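Everything on this sheet refers to the single structure shown next.
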Amino acid sequence: MEKIVIEGGHRLNGSVRISGAKNAALPILIATLVAPGEHRITNVPELADISSTLSLLGRIGCPSLVSGPTVRIDTSRIAFSEAPYDVVRKMRASVLVLGPLLARHGECKVSLPGGCAIGVRPIDQHLKGLEALGCEFTLEGGYVYGRTDGLKGAEIQLDFPTVTGTENILSAAVLAEGTTVIHNAAREPEVVDLCNFLNSLGAKISGAGTSKLVIEGVSRLSPATRPYPILPDRIETGTYLCAAAACGGDLTVTNTDPELMSSVLLKLKETGCTIETGVDWIRIYRNGARLKAFKVRTEPHPGFPTDMQAQLSTLASLAEGTSSITETIFENRFMHMAELTRMGADVEISGNTATIRGVESLTGAAVMASDLRASAALVIAGLAGEGLTEVLRIYHLDRGYEKLVSKLHGVGAHIARVSDDIIDRAELQEAVNASTARAQAS
Ligand code: EPZ
């Protein structure tokens, strides 16, 4: 196993190139199942979750070829319509095969995802919507067995604007007979990207980005003639902006889109950072004064994204004054707070609200990542903290952040990825010095 070691206290200056969005790439790669043939998708990030998705598609009978950020997938045949437990337990987004497999193949066997660190995360809304389209499900032995004699368009009201629930239903409705309306649909940019991708295959979806999606079913879809570019990752973008806000410095993130994340940019401005934007770049810098405390409440898009809550918690722990962070999407998404307190943060949790009294500085410590975004928050804390920080269980990070160490080296971070059996502090410091020197020399 490996860990990340960071020598904190260095300002971040320069530019970071943002990768394609994990949460757009996953549903889009899986949605290729609805259209037999060879698909080409570009700006795909190189992440553990992407590899898991491609290996799942391979097991279904759809081989793929990755060359840099471009992925070719051949969905001409479906040999095996199952997403087994050993795949789904590692990546719950595998449940996204439900809609496409039922639409294309008429049956599927998918392991129930089970809970994860941040919550129970049931899929009742996914199943409710697909049942409305004419699917039948039975649950047995931790698996959901689905079948249909043919999908029919329906009017569906989601109890909650679930992101992958909307995506699952959408990916089936495109091949249903008749028109489907999804009310209270998720409005996230990644859902819009999926709608655009499906329309590039010949689907007829309107209302993308609104809470009412109208899908006119078609009898057949085929691969687009041009490669489809995945939209930029707004959460990766926000994470690097938070790192610069925490450490100070002058950072520009490129190959991104400020339009995807106005709630995050406005919140960063509230903390006292200066933000400048262009069509595909965002610059953040701070004039040396301490960050200002703030209040934030996570909401479905276009509200403040839950996937940025942990990163903002780190900013709050350093801000002047008392901040309040309320998490309304997941029931257990404050696990990073305990780790931040090990670094000196002053946090009090009551229900789904954390009250954070800012401190002058955090001190480096060994901390444990619990989920993808919590691990990013701990990296930011290490970058801004004094001394050495070790972030363990970084397999969480590898799921959603492409080339994180190298991107941070590029803007002046003193950071290294080492085996987690190195515990001697002098050795850890030496590893950080050597890794940073190599990066600066290259
Ligand atoms: C997607 O998860 C993202 N994952 C998550 O990103 C993100 O945090 C989340 O949306 C919210 O924006 C992907 O897109 C692959 P939800 P998803 O269904 O679809 C409840 C990351 O860090 N719910 O919108 O699973 C559920 O329990 C990940 O990149 C039901 O009750 O989220 C949760 O409390 C983490 N029944 C809430 O809705 C259902 O059938 C939000 O879930 C579905 C969801």
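Atoms within a ligand are numbered from 1 in the order they appear, just like the ligands themselves. What you are looking at is a predicted structure, and each value in this text was computed from that prediction instead of being measured.
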With a heavy-atom distance limit of 4.0 Å, tell me whether [X] approaches ligand 1 through its side chain, its backbone, both, or neither.
{"X": "T164", "result": "both"}
{"X": "M308", "result": "neither"}
{"X": "L372", "result": "side chain"}
{"X": "T306", "result": "side chain"}
{"X": "E167", "result": "neither"}
{"X": "Q125", "result": "both"}

So is [X] close enough to ligand 1, meaning a heavy atom under 4.0 angstrom away?
{"X": "G400", "result": "no"}
{"X": "H301", "result": "no"}
{"X": "E236", "result": "no"}

To the closest 0.5 Å, what do you measure between [atom1] ([X]) and [atom2] ([Y])?
{"X": "T148", "Y": "L175", "atom1": "OG1", "atom2": "CG", "answer": "11.5 Å"}
{"X": "E236", "Y": "I18", "atom1": "CD", "atom2": "CD1", "answer": "4.0 Å"}
{"X": "L56", "Y": "D49", "atom1": "CG", "atom2": "CG", "answer": "11.5 Å"}

Considering heavy atoms of the protein only, find what lies nearest to [atom] and give residue, atom and distance to 0.1 Å.
{"atom": "atom 25 (O) of ligand 1", "value": "R121 NH2, 3.0 Å"}
{"atom": "atom 36 (N) of ligand 1", "value": "D124 OD1, 2.8 Å"}
{"atom": "atom 24 (O) of ligand 1", "value": "V163 N, 2.9 Å"}
{"atom": "atom 8 (O) of ligand 1", "value": "D307 OD1, 2.6 Å"}
{"atom": "atom 32 (O) of ligand 1", "value": "F330 CZ, 4.0 Å"}
{"atom": "atom 34 (O) of ligand 1", "value": "I329 O, 2.6 Å"}

Does atom [atom1] ([X]) have a neighbourhood of more than 12 heavy atoms from anything else shown, all under 6.0 Å?
{"X": "E177", "atom1": "CD", "answer": "no"}
{"X": "R283", "atom1": "CZ", "answer": "yes"}
{"X": "F137", "atom1": "CZ", "answer": "yes"}
{"X": "Q157", "atom1": "CD", "answer": "yes"}
{"X": "E331", "atom1": "CD", "answer": "yes"}

T277 (side chain) donor-acceptor with P258 (main chain) under 3.5 angstrom |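 No, because the side chain of T277 does not come within donor-acceptor range (under 3.5 Å) of the backbone of P258.
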Atom indices of ligand 1 within 4.0 angstrom of [X] heavy atoms, with elements:
{"X": "H126", "value": "40 (O)"}
{"X": "K22", "value": "21 (C), 29 (O)"}
{"X": "R333", "value": "8 (O), 22 (O), 35 (C)"}
{"X": "R373", "value": "21 (C), 22 (O), 29 (O)"}

Side chains of [X] and [Y]: is there a donor and an acceptor less than 3.5 Å apart?
{"X": "Y228", "Y": "D193", "answer": "yes"}
{"X": "D371", "Y": "H396", "answer": "no"}
{"X": "E167", "Y": "S171", "answer": "no"}
{"X": "T162", "Y": "Q125", "answer": "no"}

Scan N352, T353, T326, I325 and name whichever one has a side-chain contact (heavy atoms from CB on, under 4.5 Å) with R297.
->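 Among the candidates, only T326 passes.
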Heavy-atom distance under 4.5 Å between the side chains of N23 and V163, does that happen here?
->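 N23 does not reach V163 side chain to side chain.
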Any N or O of [X] that comes nearer than 3.5 Å to an N or O of ligand 1?
{"X": "N23", "result": "yes"}
{"X": "A93", "result": "no"}
{"X": "L26", "result": "no"}
{"X": "E331", "result": "no"}

Which residue from I123, V95, T162 reaches closest to atom 18 (O) of ligand 1 through any of its heavy atoms?
->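 Going through I123, V95, T162 one by one, T162 has the nearest heavy atom to atom 18 (O) of ligand 1.
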Only heavy atoms count here, so choose which of P122, P161, P300, P305 is nearest to atom 39 (C) of ligand 1.
->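 Of the listed residues, P122 has the closest heavy atom.
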Are there protein heavy-atom neighbours of atom 20 (C) of ligand 1 below 4.0 Å?
->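 Protein heavy atoms within 4.0 Å of atom 20 (C) of ligand 1 - there are none.
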